[in-house]
Number of protein chains: 2
Amino acid sequence: MAKQPDKTDSTREKIILQAGPIFASKGFRAATVREICDKAQVNLASINYYFGDKQQLYFEAVVRAREMRVEQVPQPEWDASMGPHRKLKGFVGLILDRLVAMQNEPWQVRLLMREILQPTEACSHLVKEYFRPFFDSLLEIVDDIVEAPLPQHVRTKVGLSIVGQCLYYRFAAGLTSLIISDEDFQEHFDRDSLAEHITSFSLAAIRNYVREPGPQTEQK
Amino acid sequence: MAKQPDKTDSTREKIILQAGPIFASKGFRAATVREICDKAQVNLASINYYFGDKQQLYFEAVVRAREMRVEQVPQPEWDASMGPHRKLKGFVGLILDRLVAMQNEPWQVRLLMREILQPTEACSHLVKEYFRPFFDSLLEIVDDIVEAPLPQHVRTKVGLSIVGQCLYYRFAAGLTSLIISDEDFQEHFDRDSLAEHITSFSLAAIRNYVREPGPQTEQK
DNA sequence: TAGGTTGTCAAACAGTTGTTTGATACGGTT
DNA sequence: AACCGTATCAAACAACTGTTTGACAACCTA
């Protein structure tokens with residue numbers, strides 16, 4: 001077994017950092033240990049030596065991807081005096097930067113999305129460690145917007161509506177680029193424009209939605 | 001080469017129908033021609049005989065998945081006299097039924113989502129043949145809701161906000177089930193509750209959003 | 001009946017896969 | 001020096017991959 005698990009430039013570290021992009025772009029199955037070892041310039045047997053097997057390397061790559069992503073895009077500070085629009089926009093922007101990352105598509109993001117789409121054991125780790133508290137802090141912002149507290153399930157649905165609008169641009173990026181012209185995309189669908197739209201759209205929805213829920217319970 | 005491409009219970013047909021679910025749940029790479037032929041109870045060489053290679057079989061399975069899904073969940077009729085809420089709810093429900101299909105997750109849906117996430121040549125076929133007109137008919141409903149016509153890019157963004165809210169429950173189904181308790185999910189996140197929420201949320205957003213776009217251009 | 005097309009089959013092919021092995025070298029401790 | 005845990009390496013292993021082959025049977029046409 002390996003002894004020092006956290007030296008910085010060790011063979012173990014090189015493997016994780018090279019395996020991440022490959023897993024991200026090809027998926028677990030299509031990524032081969034030979035390609036990973038080639039890119040990392042380590043011997044073929046190193047993966048099994050340090051991680052036991054390919055699956056465990058994948059797990060560690062996912063965990064590392066999350067850690068790196070949080071470091072790369074730190075959460076902006078919330079000022080209690082900020083208006084709801086700016087606060088919500090700050091969070092929407094954070095989702096777009098951290099989890100959507102439209103322009104550069106870092107491997108960490110693509111790997112995390114892979115985990116969301118087809119959860120392995122790594123996903124429950126991500127939820128407990130990251131997604132849950134992340135989502136809760138969004139719901140606190142929603143709480144600030146509405147005057148009367150929302151029923152729990154409505155609160156959750158509203159939060160997921162906001163998250164859904166953002167994550168669409170990650171999940172369906174390939175489809176969107178086939179639907180929208182390139183010029184339109186460059187001009188109107190950059191990070192800031194989307195943050196502004198999703199924020200305004202959601203804010204308007206929350207305020208109006210709570211006020212007049214529409215024919216909710218009735219209507220067959 | 002094969003002669004009759006459209007006999008109903010032919011070997012060719014059996015292969016497509018058995019390959020679909022396997023591609024859907026495992027992806028192109030992890031699905032093996034041996035498993036497909038076993039399930040279809042045909043000889044191993046049949047795939048290459050009828051489709052040339054595995055890739056072409058995948059393409060045809062995707063196309064077939066779309067056709068079957070449109071048949072399985074037909075578009076409800078639009079009554080011009082219907083109010084905007086009912087009209088929009090009808091369309092949101094159609095997305096949820098056809099493309100999200102939360103309860104049973106048919107293989108056709110999972111295969112189409114796979115194409116959206118990682119587009120192959122099959123995806124541009126899907127867009128031209130299906131997604132584009134589908135999305136356009138949503139935008140027409142949006143047009144009916146607003147009085148003054150929207151700028152093109154805003155129109156598109158609004159449409160994608162609606163679609164995004166729906167598709168979230170397909171893409172992140174695994175994550176959602178880890179965030180929400182099972183009882184909550186059964187009780188409040190069924191197809192009808194979600195359709196109602198997304199419709200009301202979006203309707204409120206559109207009406208309020210257009211009226212007061214918020215601090216759009218200003219604000220640094 | 002003869003000949004050709006179409007479909008099915010078992011077997012093999014050539015390449016890739018994750019993993020294991022045994023040898024070898026390095027670096028520190030006794 | 002002798003020793004031992006750590007690390008790296010080339011090579012091989014066994015299983016699996018998509019695809020090809022050639023034989024054989026069923027069917028239709030002439």
Side-chain angles (χ1 to χ4, degrees), chain A residues 1-64 111 114-115 118 120-122, chain B residues 1-62 64 111 114 118 120-122:
Chain A
M1 292 296 167
K3 207 171 197 180
Q4 59 251 21
D6 46 1
K7 290 280 190 215
T8 53
D9 61 336
S10 63
T11 298
R12 187 187 161 85
E13 195 68 7
K14 280 198 294 182
I15 293 176
I16 292 186
L17 260 39
Q18 293 298 328
I22 298 177
F23 281 136
S25 60
K26 308 181 140 189
F28 176 78
R29 179 82 179 239
T32 72
V33 295
R34 278 177 174 79
E35 181 182 1
I36 293 171
C37 290
D38 279 358
K39 286 252 171 65
Q41 291 179 309
V42 302
N43 186 267
L44 177 60
S46 300
I47 285 180
N48 298 89
Y49 180 74
Y50 281 101
F51 300 94
D53 62 3
K54 185 187 174 187
Q55 185 76 47
Q56 183 60 23
L57 166 61
Y58 175 83
F59 181 89
E60 298 211 23
V62 172
V63 172
R64 176 64 59 90
L111 191 54
R114 230 173 240 287
E115 233 351 79
Q118 276 194 327
T120 69
E121 41 183 324
Chain B
M1 291 297 168
K3 208 172 196 178
Q4 60 251 22
D6 46 2
K7 289 281 188 214
T8 53
D9 62 335
S10 62
T11 299
R12 186 187 164 86
E13 196 68 7
K14 280 198 293 181
I15 294 177
I16 292 187
L17 262 38
Q18 294 296 328
I22 298 177
F23 280 136
S25 60
K26 307 182 143 190
F28 176 78
R29 178 82 179 238
T32 72
V33 293
R34 279 176 173 81
E35 180 181 2
I36 292 170
C37 290
D38 279 358
K39 285 253 169 65
Q41 292 180 308
V42 301
N43 185 265
L44 178 59
S46 301
I47 285 181
N48 299 87
Y49 179 75
Y50 281 101
F51 300 93
D53 61 2
K54 183 187 175 187
Q55 185 75 49
Q56 184 60 24
L57 167 60
Y58 176 83
F59 181 90
E60 298 211 24
V62 171
R64 175 64 60 90
L111 191 54
R114 229 172 243 284
Q118 277 193 328
T120 69
E121 42 184 324

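Numbers restart at 1 for each chain; the letters A, B, ... are given by sequence-line order, proteins then strands. Every value quoted in this text rests on a predicted model; they were computed, and no experiment measured them.
To the nearest 0.5 Å, atoms CZ (A:Phe23) and CD1 (A:Ile16) are separated by 10.5 Å. Taken from CZ in B:Arg34 to CG in B:Asp38, the straight-line distance is 9.0 Å, to the nearest 0.5 Å. Rounded to the nearest 0.5 angstrom, A:Thr32 OG1 and A:Ile36 CD1 are separated by 6.5 Å.
At whole-Å resolution of the value, CD1 in A:Ile15 and C1' in C:dG18 are 14 Å apart. With rounding to whole Å, A:Gln41 atom CD is found 19 Å from D:dA7 atom P. The distance between atom NZ of A:Lys54 and atom C1' of C:dT20, rounded to the nearest whole Å, is 17 Å. The separation between B:Lys14 atom NZ and C:dG7 atom P is 14 Å, rounded to whole Å. Between A:Asn48 atom CG and D:dA11 atom P there is a gap of 18 Å when expressed in whole angstrom units. In this entry the distance linking CZ of A:Phe51 with P of C:dT19 reads 13 Å, nearest Å. Nucleotide C:dG18 holds its P atom 11 Å from the CD1 atom of A:Ile22, rounded to whole Å. Summarising the geometry, the separation between CD1 on B:Ile47 and C1' on C:dG7 is reported as 16 Å, rounded to the nearest angstrom.
In this structure, B:Gln41 and B:Lys14 approach most closely via the heavy-atom pair O-NZ, 4.0 Å. Heavy-atom minimum distance, B:Gln55 versus B:Phe28: OE1-CZ, 3.4 Å. The heavy-atom pair separating A:Arg12 from A:Tyr50 by the smallest distance is NH1-O, 3.2 Å. For the pair A:Val62 and A:Ala122, the tightest heavy-atom approach, listed with the atom from each and the gap, is CG1-CB, 3.9 Å.
Residue A:Leu44 is classed as a base contact, given a heavy-atom separation below 4.0 Å to a base.
At C:dC9, none of the side-chain N or O atoms of B:Ser46 fall inside 4.0 Å of OP1 or OP2 (strictly under the cut-off). The shortest distance between the side-chain N/O atoms of A:Tyr50 and the OP1/OP2 oxygens of D:dT8 is below 4.0 Å. Phosphate contact (OP1/OP2 of C:dT8, side-chain N/O of B:Tyr49, threshold under 4.0 Å): absent.
A heavy-atom distance below 4.5 Å is found between the side chains of B:Ile15 and B:Phe51. For the pair A:Glu60 and A:Gln56, the minimum side-chain heavy-atom distance is below 4.5 Å.
Contact of A:Asn43 with D:dA10 (side chain to base): a donor-acceptor pair of N or O atoms is detected under 3.5 Å.
In the helix from C:dT1-D:dA30 to C:dT30-D:dA1, the terminal helix axes, each the rotation mapping four pairs' C1' atoms onto the next four within five end pairs, subtend 20°, rounded to 10°.
Near DNA chain D, defined here as any heavy-atom distance below 4.0 Å, the residues from residues 24-37 of chain A are A:Arg29, A:Arg34, listed numerically.
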